[in-house]
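To start, the structure itself, in structure tokens.
Keep in mind it's a predicted model, so treat the numbers as computed, not measured.
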Amino acid sequence: MWGETIRSFFEIALELTVLFVFISFAISALQGFIPYEKIEKLISGRNKAWGAAAAIVFAFITPFCSCSTIPVVVNMLKKKMPFGIVMIFLFASPVLDPTILTIMGVVLGWKVTLIYTVVTTFFSITVGLILEALGFEKYVKNVMMSGYSEEEKKFSLKGAMKGTLQLIRSVYPYLIIGAAVGAVIHGLVPTEWISGFFGRDHWWLIPIAAIIGVPLYIRLSSMIPISQILILKGMALGPVMAMMISSAGASLPEVVLLKSIFKKELVFIFVLSVISMSTVSGFIFYLV
């Protein structure tokens with residue numbers, strides 16, 4: 001049994017390593033051609049549709065971790081960008097990333113990835129604009145973090161290699177952790193137990209999975225290999241995706257950081273919005 005677990009770990013880890021290194025290098029190279037100035041101008045403009053689209057694009061090309069988005073959010077607020085657009089970015093950035101989405105497509109299937117991308121994009125835009133319309137901007141503290149700087153990005157082979165190494169240092173360990181957890185589940189947890197307790201008929205697991213995902217802080221890069229094994233073992237797609245979205249979108253470290261720039265009312269609404277988004281998304285996957 002342990003031999004099967006170890007073999008499964010190396011198979012999953014090797015597959016993810018090859019995918020991660022190749023895709024990370026490609027994305028790092030492409031970032032040199034992204035017109036950051038034009039995207040920032042669209043985000044700052046008065047046209048909400050273009051601003052929302054630009055915020056989603058910007059979310060695709062920024063760091064993976066939810067905590068990494070906070071300095072960027074502070075900088076956007078400092079530049080007086082529209083509150084709704086800033087919130088769209090805050091919701092979308094941790095859950096939308098080209099590298100992770102590509103790996104998700106290979107591991108979980110392109111249909112799942114497409115639905116995931118559309119659903120998270122739609123809810124990020126909708127919730128962000130609703131919070132602005134309801135006047136939650138008044139709950140932003142007048143606090144500015146230091147340590148965030150903007151760098152001009154131009155294509156170079158050296159820069160692409162440097163970006164790849166940075167991604168490997170910050171994200172790859174979590175990918176391996178996810179592979180290890182997935183291998184243990186694959187080798188030691190009976191298929192009948194997972195399919196029996198977490199199968200498709202148990203719809204009530206979706207909101208529970210969305211709630212427990214927040215304190216777990218399972219990064220998106222870790223959840224992909226874990227999700228693959230859970231689905232193969234018979235766990236329904238709905239609760240798996242609900243937990244994936246909530247754990248990536250509103251981790252406890254991020255909530256702590258948000259308390260330094262948002263008042264408690266906005267922090268509460270942010271967490272509630274992520275849980276709601278995760279729950280509704282889970283039911284969408286449940287019905288697919």
Side-chain angles (χ1 to χ4, degrees), residues 12 16 19-20 59-60 63-69 90-124 127 171 173-182 184-186 194 198-200 202-255 270-288:
I12 297 172
L16 293 177
L19 283 171
F20 182 79
F60 268 78
F64 308 97
C65 177
S66 57
C67 300
S68 303
T69 65
L90 179 61
F91 283 113
S93 184
V95 296
L96 294 176
D97 180 271
T99 304
I100 301 302
L101 289 177
T102 305
I103 295 176
M104 183 186 295
V106 175
V107 174
L108 299 180
W110 294 106
K111 179 182 178 181
V112 170
T113 305
L114 178 61
I115 296 173
Y116 170 89
T117 304
V118 171
V119 168
T120 50
T121 298
F122 172 79
F123 278 106
S124 296
V127 176
V171 178
Y174 294 94
L175 210 63
I176 295 300
I177 291 172
V181 175
V184 170
I185 295 173
H186 176 74
I194 292 180
F198 302 102
R200 180 170 292 275
H202 300 299
W203 61 267
W204 45 268
L205 282 171
I206 294 174
I208 293 176
I211 293 172
I212 66 176
V214 174
L216 285 180
Y217 187 36
I218 307 174
R219 288 179 61 142
L220 193 57
S221 51
S222 298
M223 267 302 294
I224 291 174
I226 296 173
S227 300
Q228 180 190 26
I229 299 300
L230 288 173
I231 292 170
L232 288 175
K233 286 280 189 176
M235 187 171 180
L237 185 60
V240 170
M241 300 307 290
M243 184 182 296
M244 178 184 291
I245 294 171
S246 65
S247 62
S251 65
L252 281 182
E254 180 190 21
V255 172
F270 170 78
V271 175
L272 183 63
S273 298
V274 171
I275 292 175
S276 301
M277 179 174 70
S278 306
T279 302
V280 176
S281 300
F283 278 113
I284 292 174
F285 281 102
Y286 174 82
L287 296 172
V288 171

Worksheet item: Excluding sequence neighbours, so at least two apart, what forms side-chain contact (heavy atoms from CB on, under 4.5 Å) with Val280?
Response: Phe123, Ile284
Practice prompt. Could you list the residues that satisfy side-chain contact (heavy atoms from CB on, under 4.5 Å) with Leu114, not counting sequence neighbours?
Written response: Val118
Discussion item. Tell me whether Ser278 contacts the main-chain N or O of Ala210 through its side chain, where contact means a donor paired with an acceptor under 3.5 Å.
Written reply: no
Worksheet item: CG/Leu287 to CG/Leu237 distance, rounded to the nearest 0.5 angstrom?
Response: 11.0 Å
Fill in: Residues forming a side-chain contact (heavy atoms from CB on, under 4.5 Å) with Leu108, sequence neighbours excluded
Met104, Val112, Ser227, Gln228, Ile231, Met244
Worksheet item: Hey, what do you get for CD1 (Ile206) to CE (Met241), rounding to the nearest 0.5 Å?
Response: 11.5 Å
Discussion item. Please give me the minimum heavy-atom distance between Ser246 and Ala209, naming the atom from each residue.
Written reply: OG-O, 3.8 Å
Discussion item. Taking side-chain contact (heavy atoms from CB on, under 4.5 Å) as the definition, give me every residue that meets it alongside Ser273, ordered by chain and number, with sequence neighbours left out.
Written reply: Phe91, Val127, Ile269
Worksheet entry | Check: Val95 main-chain N/O paired with Tyr116 side-chain donor or acceptor under 3.5 Å | yes
Worksheet item: What's the shortest heavy-atom distance between Ile245 and Ser281, and which atoms?
Response: CD1-CB, 3.6 Å
Fill in: Min side-chain heavy-atom separation Leu101-Phe60 under 4.5 Å
yes
